[in-house]
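In what follows, a single structure is set out as structure tokens and then discussed.
Counting starts at 1 for both ligands and their atoms, in listed order. In this text the structure is predicted, and so the values were computed from the model without any measurement.
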Amino acid sequence: MQVQQMTARCSSLNFPIVYNDLAHPPATYIGPEYQFRAADGAGNNPDAPNLGKAGTPYARSVQGANPLPRNQMPDAGLVFDTLLRREKFTEHPQGLSALMFSFAALVIHSVFRSDHTPGKQHINMTSGYVDLAPLYGNDQVMQDKVRNKDGRGLLHPDVFAEDRLLFLPPQVGVLLLLFNRNHNYIARRLLEINERGTWKDPTHHHHVSHAQLAQQDEEIFQITRLCNCGWFAAVVFSDYFSAILGLVRKGSSWSLEPFEEIRNDDHTVFERGRGNACSVEFNCLYRWHATTSLEDEEWIALQLKELFPDKNPEDISLKDFYLKEAAITKSEPDLQQWTFGSLQRETEGPNKGSFKDSDLAGWLQGATSHRAASFGARSTPAIMRLHEIMGIEANRAWGVCSLNDFRKFLGLKTYTSFLEWNPNHEVADAAEKLYGHIDNLELYVGLQAEESKPLIEGAGLCPGYTISRAILSDAFALTRGDRFYTQDFTPYNMTAWGFADCQRDPEAYGFGSTLGRLFLRTLPNDYSKDSIYTWFPLVHPESMEKYLKNLGKLDGYDLARPRPSGPTTTVNGYVEVGQVLKSTDKYVSEYVERAAEVVKGKGFFTASANGVEEQKRFISALAPSPEAISAIGKYFNDKTKELIELHSFSLIGKNTRAVNIVRDVLKFVPLHWAATEIAGIPLKTKQHPHGVFTESQLFDMLAEIYQFVFLEVESANYMPMRQRVKEHVQELTHLIKAALGSAGSKLPFAGLIGTMTGFFGKKKNHHEIVKRLFDFGYSTEQVVNSILALLVGATVEMSLALTNVVNLLLHKEYDSEVTIEATKKVDAKDLGSLTAYITEALRIDPPFAGVYRVAKQDETIESLNVKQGQRLFLHIASANMNEDAFPDPRILNATRGRPERYLPKDGCFTVLGDELASTMMAEVLRAVVSLDNVRRGPGQSGKLVRFSDTALPILHYAYLNEKMLHSPWPNSMVVNYDVAK
Ligand code: HEM
């Protein structure tokens, strides 16, 4: 190319834009030095590593212009007694609860810790970041004290680093303990998932070197801290801001999101993640002592009495306070022994060292039911006089500007008179007498005693006007300025699950509450899934009731304080599990109640009171003869082959083909049959683009219904899932009804059927089955619900069972715990052998670990004493490993004989009957084993990636779904097989 042409082409490029694509200097770097938060917050900005580090001076934002000579300022005590001292308690206008300000106290303790050592009062001993420093400490020494360091990245149970919290109302410390528990929850899940495969759980592997344990402890701890801080920020941006902006009373789940990348007009990156140091102005405006509830006021009085038994609170001096503080710090016991609020640590058992859940919940729920007070002049409890004097004195020592200087800085109109600042004549007059001129009004007092904002649109916190404007600037500086909430908030740094787990979820109950999710995770037996105490803890329940009523949403919530639920007893013994499973009259499942929440009317026989009878009848309609069973078996065999053919691909230059047997075949074989042959719902595939749902869409809907009715749902997900499941059920029943065809033409919706049959096409089997059901005298509703029951009960769980069977069949080096009897490999030609293989494989690797049952009466079975009403978790997977019942239980031996030793089968075997379900599965297996030299795909692709999830014991294994959250359903495993060239 000619030089001139090159020059012309280059000059047509907009250099500034291209240059501005990237940040200069780079926004972040890779490697552990940059990936994780330093204990003292250093290095948040890699180019200015001391910015916001603990132990550095406070920043000052505003250039004061008005002189405020200290020796001419009114006495701080006098200021308190004239402008701040509470005259009477006025409840908060939005009805915020005491817990709201307990959370606020946690926020401020994360970012302020003024040094009280003489000469060092300008130092902030904590970092300028919302990094949960009260939990993790401000330096490495403190962090080492809270960590357990056994290789699992855990914290010691129920500890935190911040000793100042011991002197605040107990619910503040309790809230922080929930973040300790959340840390340990996250760390455990990270180790279970083990995304990079480099960690070994020291509870199962006893020969891991010290060096490796130390390294993995550090990695897990640091990743967990990032995720836990993500949770903390998510609470700030959901519950906390929702209360501050008044969104909670409007039923809105919208939130500010200040983290995203934004481009300036000239294409430069709008700054983010460049660090933050807290300012003295912010320290002054965040002292919200006026909001203290009556109950907390009483608590402070008691505490001061305890600390200074010989002194009247009004006579305690600053010196007394600082001396006491220093003495307490010196004599503090080991933080694992700290207690507060009369809490007692458990001294033995699995929860040794922890506090009782019910005690913690008691403090939190108490604080929700206490009303916070309004902000404003003459509102701060007298008992906090000393605290306020400390604030005023600090404000003066720091050389903070005047209120008017501050307002000017923010672009707000400066006040010209005291009355303009606070229209209450008495307050304005008193202030004028103390300060002389409005320009002399110091920031601290000016902020705290200013007229408060009323409860108007967009307002919820209702502090003084200037605070309400300035708080947002600081909130943004803190969060958008933090590299770990912006450039380094990535699924790589936090792992895929950790990143997904800590996101604010606008779909969560309580208008996107995160605190509710945290309560249900950390205090599962003491918070309930629909209580307003769970979902709106920062608002007083009576006020929340009023708002929900206005929004027409009262029905969705329980207004009562949650009642603790008893823990579930896990039963592992083979005899006990077997006995309970068989005694269906004495031990009942909870499926009927669950189904009743989402399915209207009769016929959903898999979860109905007289289900056994209905089930038998349904099976007889489905497969009335051995020929019918064989025909269905053939369908399964053909469909498996068809899907393998359709989705397999060949490897270049080899006579090998590969197929994702789980994602593209096993997941969908039962689904095709149930949807098209039984329910009459055609699937949308490449070959049939006019179907109603794609295979995946229908699978996901059925999986959610199945999980809701038959499995365990994380309490925090229960209510949103219930809503979604109701919608799925409605949609599916509508389609099933429409597809009933002429078999139901005597029905009132015959007109609709006319249109739908053309759309669906005609299916002989579907037609016949529907006819047989009507012949039983079933109502339309019963027929529809019966079909829905089959659709749910005979698909997703069977796919999972098939996955486990095929996974075991391909067993090689991957699962060292199981051995397959080499001589007794499966014979593809013999249906009996295939069925026996499936029974044995599902003993070793059942789709679910167990089932829940509730006792209807007292009973003793062997060593198990059951009380009426007790909830039992029957751990079938454990019972299946019983040595007496199954000698060498880890050996997969399909010729064990004595079929009566196997525990009663559940799931699709009950829905379809043993014979039909076994035939279907055996035919799928036959199609797979008939592939020439079928074997696992290479490396990672050939593995069934799954992990144990101790948080949801019913799941034998959990998987990550496409959102990277826990799911019961597998999604990938590639197999290879050979074909003739
Ligand atoms: C109701 C219980 C509370 C008690 C007993 C309490 C007590 C105290 C005490 C003794 C100080 C030390 C004063 C100093 O270092 O100058 C302090 C400081 C402070 N308080 Fe409170 N407080 C309470 C609630 C709150 C709340 C709800 C907030 C606001 C969200 C808050 C914000 C602050 C701030 C920002 C400081 C300055 C911290 C520092 O500079 O280190 N406090 N409080």
Side-chain angles (χ1 to χ4, degrees), residues 54 57-58 76 80 86 92 96-117 120-128 130 133-134 138 162-173 175 236 240 243-244 278-304 306-308 313 316 318 320-322 324-326 328 340-341 367 370 372-373 375 379-398 400 443-444 447-448 461 463 467 470-471 474-475 478 538:
Y58 277 114
F80 181 83
R86 182 179 280 177
H92 188 276
L96 292 179
S97 71
L99 198 64
M100 165 72 189
F101 294 96
S102 302
F103 186 80
L106 273 191
V107 174
I108 70 101
H109 280 84
S110 283
V111 293
F112 304 121
R113 186 175 169 114
S114 303
D115 197 334
H116 290 154
T117 320
K120 293 179 91 181
Q121 284 103 327
H122 60 293
I123 299 294
N124 188 357
M125 294 155 76
T126 189
S127 78
V130 183
N138 298 317
E162 176 58 271
D163 53 359
R164 286 178 303 169
L165 298 191
L166 302 174
F167 302 100
L168 291 187
Q171 67 271 8
V172 183
L175 263 181
V236 169
Y240 189 57
I244 289 181
C278 286
S279 68
V280 282
E281 292 89 350
F282 186 27
N283 180 302
C284 290
L285 78 80
Y286 225 139
R287 300 202 185 206
W288 296 350
H289 295 152
T291 59
T292 305
S293 68
L294 288 173
E295 294 79 3
D296 287 348
E297 188 179 343
E298 212 173 290
W299 187 89
I300 300 167
L302 275 174
Q303 198 214 28
L304 284 181
E306 231 170 78
L307 291 175
F308 303 96
I316 304 167
L318 278 187
D320 293 335
F321 188 87
Y322 290 142
K324 189 65 155 194
E325 189 183 40
I328 293 174
F340 57 99
H370 300 155
F375 282 89
S379 298
T380 308
I383 197 74
M384 300 184 90
R385 186 172 189 270
L386 181 72
H387 308 149
E388 290 299 274
I389 292 176
M390 287 192 267
I392 297 170
E393 292 295 356
N395 171 85
R396 292 173 183 177
W398 291 334
V400 177
L443 184 67
Y444 188 95
L447 291 172
Q448 304 301 340
L461 185 67
I467 295 184
I471 185 148
D474 271 301
L478 271 174
L538 306 186

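Atom 1 (C) of ligand 1 is approached by the protein to below 4.0 angstrom, counting heavy atoms only.
The protein non-hydrogen atom at the shortest distance from atom 39 (C) of ligand 1 is Ser114 OG, 3.2 Å. The protein heavy atom nearest to atom 27 (C) of ligand 1 is Phe101 O, 3.3 Å. Of the protein's non-hydrogen atoms, the one nearest atom 12 (C) of ligand 1 is Met390 CE, 4.1 Å. Regarding atom 38 (C) of ligand 1, its nearest protein heavy-atom neighbour is Phe112 CB, 4.0 Å. Looking only at protein heavy atoms, the nearest one to atom 14 (C) of ligand 1 is Arg287 NH1, 3.6 Å. The single protein non-hydrogen atom nearest to atom 23 (C) of ligand 1 is His289 CD2, 3.5 Å, given as residue, atom name and distance.
The nearest non-hydrogen atom to atom 32 (C) of ligand 1, considering only Phe103, Phe321, Tyr286, comes from Tyr286.
Annotation: side chain of Phe167 is not in contact with side chain of Glu325 (no heavy-atom distance under 4.5 Å). Counting only heavy atoms from C-beta outward, the side chains of Cys284 and Glu281 never approach each other to under 4.5 Å.
In this structure, Arg287 does not pair ionically with Glu388, as no charged nitrogen and carboxylate oxygen lie closer than 4.0 Å.
With hydrogens and angles disregarded, a donor-acceptor distance shorter than 3.5 Å links the side chain of Asn124 to the backbone of Val111.
Among the backbone and side-chain atoms of His387, none of the N, O or S atoms lies under 2.8 Å from atom 21 (Fe) of ligand 1.
Of the heavy atoms in Thr292, only side-chain atoms (C-beta onward) come closer than 4.0 Å to ligand 1.
Aromatic rings from Phe321 and Phe308 are positioned such that their centres are separated by 6.0 Å or more.
Donor-acceptor pairing under 3.5 Å is lacking for the side chains of Glu297 and Thr292.
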